[in-house]
There are 2 protein chains.
Amino acid sequence: MHALSISEENYLKAIFHLYTGEEGIGTNAIAHHLHTKAASVTEMVKKLAEKKLLTYEKYQGVIPTRKGFTTALAIIRKHRLWEYFLVEKLKLSWDEVHDIAEQLEHIKSDKLIEKLDRFLDFPKLDPHGDPIPDKAGKMCVTKCCCMSEIKPNSNAKITGVKNHSPAFLKHLEKMHLTIGKTIKIVERNDFDQSVQLVLNHETMHISKEIAENLLVHKIKR
Amino acid sequence: MHALSISEENYLKAIFHLYTGEEGIGTNAIAHHLHTKAASVTEMVKKLAEKKLLTYEKYQGVIPTRKGFTTALAIIRKHRLWEYFLVEKLKLSWDEVHDIAEQLEHIKSDKLIEKLDRFLDFPKLDPHGDPIPDKAGKMCVTKCCCMSEIKPNSNAKITGVKNHSPAFLKHLEKMHLTIGKTIKIVERNDFDQSVQLVLNHETMHISKEIAENLLVHKIKR
DNA sequence: AATATAATTTAGTTTAACCTAAAAAAATAT
DNA sequence: ATATTTTTTTAGGTTAAACTAAATTATATT
Ligand SMILES: [Mn+2]
Ligand SMILES: [Mn+2]
Ligand SMILES: [Mn+2]
Ligand SMILES: [Mn+2]
């Protein structure tokens, strides 16, 4: 019944993001994600297991319970709503909001989030194209495939990013490769996996690294 | 150079609020304000003295330095800007925003606060009539005397509250005794110190307790 | 001035969240 | 199947921020 600490919330979020649905998540994976050590994870994971937020058996890794899932989703909901607020209302850029949202996501007040959601008019996607869970934890699934997997000579719309680092986001901004933009993939260069595309009627080349971290949605025409 | 912890910030804020400009503030006073114990205060105060945020000499109490002052003002600025946001934008009521602002005031990002201030159009007063310090720590001084000190047969405007408890604020709301309202003090009852006044052309009586916690500004006519 | 009371500090614990180093178990390679 | 490497856990230690109880200093009362 006791409210979760910021650390507990961060562990839950990490576990949620790392869980693929298959086997349990190892303490090393969690430690790496949180920039902490495996020994610390073992301790915390025992505590979270007692609170029924996950199941844990020695050496078997960790699996979030339903309660753990919904708790993590509530935190992610807060994170993404705040990011949306920071970009759409306060006019911060999409590369500087994540760190602030990492703090804001731990503010405790159901009413606050309800009111914020309404104030923002119930947004469905955050500034990086990630879906915002609603009050019940439901979210739309729009994000699609990597741009590097798209066949040449097809059109696509940019829907999200895989890498959320400020450096990457700033770079995309400079190249005008932002969420919602429509592009045409012309061809992929076999030598370095770079991609030639057309954006705003102008031809450009982007590196393999960028193509692999851009999510797009194929469109007809 | 290291950023302050939430605890350190709360101690600084308490010290700022308790400091009258005369003698040093005792550890008991601080402990009472923060719902902690004097022994804990002694410890923390030594740490804050090392960081040059206050001066401390054994048994002599504590006095904030200039650095301590400006740091406290920056936190208060954040608190009040957030309260203004919560009431004016999110439409929370003035009795439910303080606890949320207690959390939000510790979010670290200069840019965030700058942008929030601009988004809110640089408000000068928070929902309780308290002045919001600007970026440089400057704030207007409008709050005036206690309503219980006003002479009968004079007009006044409600400018603030001394008691910030939700119970008191809710009660004021119900009585329509909110910031900005103009009233006429008719007379003070010697028996129980209650005050008779006219609000919106209607006569009403308010208890000594209310009068003592309402701040007003005398006006002509 | 001596004594009682109150305020403050010191000493020693507790808890959460981290750490390192060593031990144990599991996975992988020979 | 055995040996090596990797992963995970355990044991023991650190730090920040709280606590209680006891000792000390300051203030108030007689
Ligand atoms: Mn983010
Ligand atoms: Mn995001
Ligand atoms: Mn407040
Ligand atoms: Mn206020």
Side-chain angles (χ1 to χ4, degrees), chain A residues 1-15 18-20 22-64 68 71-72 75 102-103 105-106 108, chain B residues 1-15 18-20 22-64 68 71-72 75 102-103 105-106 108:
Chain A
M1 294 297 118
H2 199 270
L4 298 178
S5 71
I6 290 177
S7 267
E8 290 173 320
E9 291 194 341
N10 283 334
Y11 272 93
L12 264 188
K13 207 162 48 110
I15 289 161
L18 291 169
Y19 187 62
T20 59
E22 289 140 49
E23 70 245 317
I25 312 146
T27 50
N28 262 325
I30 297 167
H32 185 258
H33 195 91
L34 292 172
H35 307 289
T36 175
K37 296 294 148 73
S40 309
V41 174
T42 304
E43 263 195 313
M44 179 59 95
V45 136
K46 285 175 178 172
K47 211 190 336 165
L48 295 176
E50 292 221 326
K51 296 190 178 186
K52 309 282 184 214
L53 292 160
L54 49 81
T55 61
Y56 165 68
E57 270 181 287
K58 268 189 192 178
Y59 299 104
Q60 297 312 120
V62 132
I63 291 175
T71 308
I75 302 162
E102 284 288 305
Q103 300 178 64
E105 73 188 3
H106 302 292
K108 260 112 186 160
Chain B
M1 295 296 119
H2 197 270
L4 298 179
S5 71
I6 290 177
S7 268
E8 290 172 319
E9 292 194 340
N10 284 334
Y11 273 94
L12 264 190
K13 207 163 47 111
I15 289 162
L18 291 168
Y19 187 62
T20 60
E22 289 137 51
E23 70 245 314
I25 312 146
T27 49
N28 262 328
I30 297 166
H32 186 259
H33 194 90
L34 291 172
H35 307 288
T36 176
K37 298 293 149 72
S40 310
V41 174
T42 304
E43 263 195 314
M44 178 59 95
V45 137
K46 286 175 179 171
K47 212 191 334 169
L48 295 176
E50 292 222 325
K51 295 189 178 185
K52 309 279 183 217
L53 292 160
L54 48 83
T55 60
Y56 165 68
E57 271 180 288
K58 270 188 191 179
Y59 299 101
Q60 298 312 121
V62 133
I63 290 175
T71 308
I75 302 163
E102 285 289 304
Q103 300 178 63
E105 73 189 3
H106 302 293
K108 261 114 187 158

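The structure displayed is predicted, hence computed values, not measured ones. We use all heavy atoms of the structure for the numbers below, so side chains are in, but hydrogens, waters and symmetry mates are not. Chain A is the first sequence line, chain B the second, and so forth, proteins listed ahead of strands; every chain is numbered from 1.
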*Counting heavy atoms from C-beta on, name the nucleotide in C/dC18, D/dA11, C/dT10 closest to the side chain of B/A39.*
C/dT10
_C/dT9 phosphate, OP1 or OP2, under 4.0 Å from B/Y56 side-chain N/O_ = yes
*Kindly say if A/N28 contacts the phosphate of D/dT6, meaning a side-chain N or O under 4.0 Å from OP1 or OP2.*
no
*What is the distance from atom CD of A/E9 to atom NZ of A/K108, rounded to the nearest 0.5 Å?*
3.5 Å
*asked:* When you measure from the side-chain N and O atoms of B/K46 to the phosphate of C/dT10, is any distance below 4.0 Å, counting only OP1 and OP2?
replied: yes
_Applying side-chain contact (heavy atoms from CB on, under 4.5 Å), can you list everything that pairs with B/T36, at least two apart in sequence or on another chain?_
B/Y11, B/A31, B/L34, B/S40, B/V41
_Selection from C/dA26, C/dT9, D/dA18 that lies nearest to any side-chain heavy atom of A/Y59_ = C/dA26
*Within the structure, does a side-chain N or O atom of B/S7 lie under 4.0 Å from either OP1 or OP2 of D/dA18?*
yes
*Once you round it to whole Å, what is the distance between C1' of C/dA6 and NE2 of B/H32?*
15 Å
*Looking at NE2 of A/H106 and OG of A/S7, how far apart are the two atoms once the value is rounded to the nearest 0.5 Å?*
8.5 Å
*asked:* Rounding to an integer number of Å, can you tell me how far A/I6 CD1 sits from C/dC18 P?
replied: 11 Å
*Closer than 4.0 Å, any side-chain N/O of A/Y11 to the OP1 or OP2 of C/dC18?*
yes
*asked:* Here's a test of your reading of the structure: between A/Q60 and A/E43, which maps to the more 5' nucleotide of DNA chain D?
replied: A/Q60
*Measure from CE on B/M44 to P on D/dA16 and round the result to the nearest Å.*
10 Å
*Check whether any side-chain N or O of A/K58 sits under 4.0 Å from OP1 or OP2 of C/dA26, and answer yes or no.*
no
*Can you measure from CG (A/L48) to CD (A/E43) and round to the nearest 0.5 angstrom?*
11.5 Å
*Please report, rounded to the nearest Å, how far the P atom of D/dA16 is from the CD atom of B/E50.*
11 Å
*Taking only N and O in the side chain of A/K37, is any of them less than 4.0 Å away from OP1 or OP2 of C/dT20?*
yes
*To the nearest angstrom, how far is A/H2 atom NE2 from C/dT15 atom C1'?*
12 Å
*asked:* Any base atoms under 4.0 Å from B/T27, or only sugar-phosphate, or nothing? Heavy atoms, all strands.
replied: sugar-phosphate
*Scan A/L53, A/T42, A/L18, A/V45 and name whichever one has a side-chain contact (heavy atoms from CB on, under 4.5 Å) with A/V62.*
A/V45
*Starting from P on C/dA26, measure out to CD on A/E23 and report it in whole angstrom.*
16 Å
_Rounded distance (Å) that lies between atom P of D/dT15 and atom CD of B/E8_ = 16 Å
*Side-chain N or O of A/T42 less than 4.0 angstrom from OP1 or OP2 on D/dT9?*
yes
*What is the distance, rounded to the nearest whole Å, between atom CG of A/N10 and atom P of C/dA16?*
17 Å
